[in-house]
Amino acid sequence: MMGLSLAYRLATAGRRVTVYESAPRAGGLVSGADLATSVRWDRFYHVILASDAHTRLLLRDIGIEGEVSWTTTGTGVFAGGRLMPASTPLDLLRIPGLRPLDLARIAATLVRAGHDSPGRLVEWMTCEEWLTRWSGRRAWERFWRPLLRSKLGEDGPKASASFIVATLKRLGKARRAGLDRERFGWVRGGYERVADRLVEVLKRHGAPVRAGAPVSAVTPVDGGLAVRAIGTGTETYDRVVICAPGPAAARLCPAWGDDERRRLADPPWMGVVNVAVLMRSPLSGRYVTNLLDDGLPFTGVIEVTAVVDPAAVGGHHLVHLPRYVAAGDPLFDAPDAEVAGAFLAGLERVKPAFRRSDAVACRVFRARHVMPFPVLHRSHRVPPVATSVPGLFVLNGAQIDEGTANVDETVRLAGDFARSLLGGS
Ligand SMILES: Cc1cc2nc3c(=O)[nH]c(=O)nc-3n(C[C@H](O)[C@H](O)[C@H](O)COP(=O)(O)OP(=O)(O)OC[C@H]3O[C@@H](n4cnc5c(N)ncnc54)[C@H](O)[C@@H]3O)c2cc1C
């Protein structure tokens with residue numbers, strides 16, 4: 001989405017642009033896959049929030065805002081061995097181990113997040129320190145710690161408080177934009193439709209998208225920058241913007257020294273292993289179920305068809321089971337059958353009535369580099385967009401200050417950078 005939306009802004013401003021994509025189809029994290037015969041949907045679950053202004057503007061500009069359907073849904077938790085709703089204060093009171101005082105403090109924490117800035121003021125505290133300060137130890141242990149694990153894996157407590165403040169702010173904004181109930185949008189055809197449409201519009205503006213063309217090197221030469229890609233040979237451009245994740249980008253230019261490569265790959269990136277299960281019956285009817293109990297192989301349960309019409313996925317029910325882990329985690333190399341088996345066993349624990357035989361299809365998807373881990377003092381570790389090679393830039397999720405990876409921030413960053421490139425030329 002970073003590369004495609006940047007290319008779109010540049011091409012529509014009259015610049016000649018070429019996009020290189022290593023996968024056979026453009027889209028990166030938002031691309032789809034065949035989940036079963038005639039069922040193609042997102043490899044990773046994606047919704048649009050009512051407050052995602054940059055995404056919505058882009059969808060309007062490329063003519064597909066009308067293809068978004070909006071709905072409201074509840075949130076749930078798995079706590080004390082039971083699935084239960086967690087959408088209202090009364091629901092939260094039923095969570096084992098949480099008392100009314102904890103609830104009041106959790107509410108005060110949400111208000112506090114609305115007032116705090118995710119930037120320099122809180123980035124030196126860990127999430128554990130910030131959340132314990134405002135919610136107290138018991139609410140941290142019973143409520144916030146498991147929630148953080150769902151987004152950042154086991155290292156969640158050590159993440160910078162900027163992450164939790166930015167995340168709570170984004171959800172708070174969504175709630176306000178949705179008149180107090182979160183409104184979730186989904187694109188008919190899956191989020192891949194957005195990438196496909198961008199490719200179509202780019203082609204119409206004379207900007208080719210070369211899919212299946214992994215770039216192996218970008219080298220300064222007389223008259224510009226030579227881009228070498230597998231399958232398309234070498235071509236020279238005035239400027240090149242690499243929109244790959246930091247660790248992949250850092251390998252691409254032989255003219256960078258070791259220090260610069262290290263800075264581009266920093267902070268350490270984390271990824272996700274995600275099991276998509278197509279089922280015959282619904283799970284809980286709630287989009288997100290946060291896991292407050294320990295010992296499950298995944299870190300959250302996302303029931304996609306609580307938002308998306310089941311007709312869009314062949315009349316089935318689609319559940320995603322993500323586990324966020326460090327980029328070097330051995331889970332990335334575990335055989336699919338082993339991962340799927342462990343995750344389905346976990347699902348049987350979450351919903352005892354579920355049997356593996358209820359799964360119509362089950363597929364494992366992996367993305368090693370989704371976002372940099374939100375380290376302390378993050379603002380000091382954001383790699384600059386301009387590199388030491390004139391005309392060569394690196395733009396990716398590492399430049400999203402608060403470390404909350406989402407399409408809206410991605411599209412915003414691409415738009416800001418397009419303006420600065422256009423203004424400076
Ligand atoms: C499980 C999950 C759920 C999510 N849910 C949401 C959600 O509900 N809402 C939301 O807004 N966001 C969500 N996101 C976040 C969102 O997907 C990302 O923020 C966004 O897609 C990032 O886009 P990007 O272009 O920066 O990165 P990527 O999508 O990673 O794109 C990088 C691209 O670079 C390509 N590439 C890498 N190396 C090379 C090379 N050498 N040559 C050519 N191409 C190369 C890759 O193939 C890839 O296509 C979710 C992410 C995940 C993983």
Side-chain angles (χ1 to χ4, degrees), residues 1-8 18-32 42-56 58-59 150-151 167 170-171 174 182 184-187 190-192 194-195 198-199 209-218 227-232 240-253 269-276 287-288 298-300 302 304 307-308 320-325 327 365-372 394-400 403-414 417:
M1 287 304 296
M2 185 77 86
L4 291 174
S5 52
L6 174 63
Y8 170 76
T18 303
V19 179
Y20 291 81
E21 165 55 51
S22 56
R25 191 158 162 175
L29 293 172
V30 305
S31 61
D42 303 9
R43 292 181 304 143
F44 305 106
Y45 44 93
H46 279 84
V47 286
I48 301 166
L49 302 184
S51 54
D52 284 348
H54 306 280
T55 306
R56 295 180 70 180
L58 178 69
L59 298 188
S150 73
K151 250 341 220 176
T167 304
R170 177 170 147 83
L171 294 177
E182 267 166 52
F184 288 171
W186 60 281
V187 187
Y191 218 104
E192 185 170 64
V194 179
L198 277 163
V199 172
V209 176
R210 303 203 171 136
V215 171
S216 57
V218 182
V227 172
R228 194 169 72 225
I230 294 163
T232 65
V240 173
V241 188
I242 300 174
C243 297
R251 288 195 291 267
L252 289 182
C253 179
W269 282 59
M270 53 184 305
V272 70
V273 174
N274 187 49
V275 175
Y287 183 64
V288 175
F298 36 81
T299 52
I302 314 294
V304 172
V307 167
V308 171
H320 281 250
L321 306 170
R323 180 177 183 91
Y324 284 87
V325 283
F365 300 106
R366 298 172 172 85
R368 206 179 269 275
H369 300 123
V370 172
M371 62 177 196
V394 174
L395 186 71
N396 57 37
Q399 279 115 10
I400 297 176
T404 53
N406 58 71
V407 171
D408 201 54
E409 278 295 311
T410 303
V411 170
R412 179 190 65 75
L413 207 60
F417 184 63

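Since the model is a prediction, treat every value here as computed from it, not as a measurement. Both counts, for ligands and for their atoms, begin at 1 and track the order of listing.
Here is the list of ligand 1 atoms found below 4.0 Å of a heavy atom in Gly28: 29 (O), 48 (C), 49 (O). Near Val30, meaning under 4.0 Å from one of its heavy atoms, ligand 1 places the atoms 21 (O). Residue contact check: Ala405 has heavy atoms under 4.0 Å from atoms 15 (C), 19 (O) of ligand 1. Annotation for ligand 1: atoms under 4.0 Å from non-hydrogen atoms of Tyr20 are 43 (C), 44 (N). Shown in contact with Pro214 at under 4.0 Å from a heavy atom are these atoms of ligand 1, numbered in order with element: 42 (N). With ligand atoms numbered from 1 in the order given, ligand 1 contributes 10 (C), 11 (O), 12 (N), 15 (C), 19 (O) to contacts under 4.0 Å with heavy atoms of Asn406.
Of the protein's non-hydrogen atoms, the one nearest atom 4 (C) of ligand 1 is Tyr45 O, 3.3 Å. Shortest contact from atom 32 (C) of ligand 1 to any protein heavy atom: Cys243 O, 3.7 Å. The protein heavy atom nearest to atom 35 (C) of ligand 1 is Glu21 OE1, 3.5 Å.
Between atom 36 (N) of ligand 1 and the options Ser22, Ala195, Gly3, the minimum heavy-atom separation is to Ser22. Nearest residue to atom 50 (C) of ligand 1 from Arg210, Glu409, His369, His46 is His46 (criterion: closest heavy atom).
In this structure, the side chains of Arg25 and Ser31 stay at 4.5 Å or more apart for every pair of heavy atoms. Under the 4.5 Å side-chain criterion, counting only non-hydrogen atoms from C-beta, Asp42 is not in contact with Trp186. For the pair Ile230 and Pro214, the minimum side-chain heavy-atom distance is below 4.5 Å. Using a 4.5 Å cut-off on side-chain heavy atoms (C-beta onward), Tyr191 and Val407 make contact.
Of the polar atoms of Val407, at least one N or O is found under 3.5 Å from an N or O of ligand 1, judged by distance alone. The shortest N or O to N or O distance between Phe44 and ligand 1 is not under 3.5 Å.
There is no protein heavy atom closer than 4.0 angstrom to atom 27 (O) of ligand 1.
Other residues, nucleotides and ligands place no more than 12 heavy atoms under 6.0 Å from the CZ atom of Arg228.
Aromatic ring orientation, Tyr287 versus Tyr45: perpendicular (interplanar angle above 60°, classes split at 30° and 60°).
Under 4.0 Å from ligand 1, heavy atoms of Val215 appear from its side chain as well as its backbone. By the criterion of a heavy-atom distance under 4.0 Å, the side chain of Val370, and not its backbone, is placed next to ligand 1. Proximity of Tyr324 to ligand 1, defined as any heavy-atom pair under 4.0 Å, is confined to the side chain (atoms from C-beta onward).
Judged purely by atom type and a 3.5 angstrom limit, Arg251 has no side-chain atom pairing as donor or acceptor with the backbone of Ser216.
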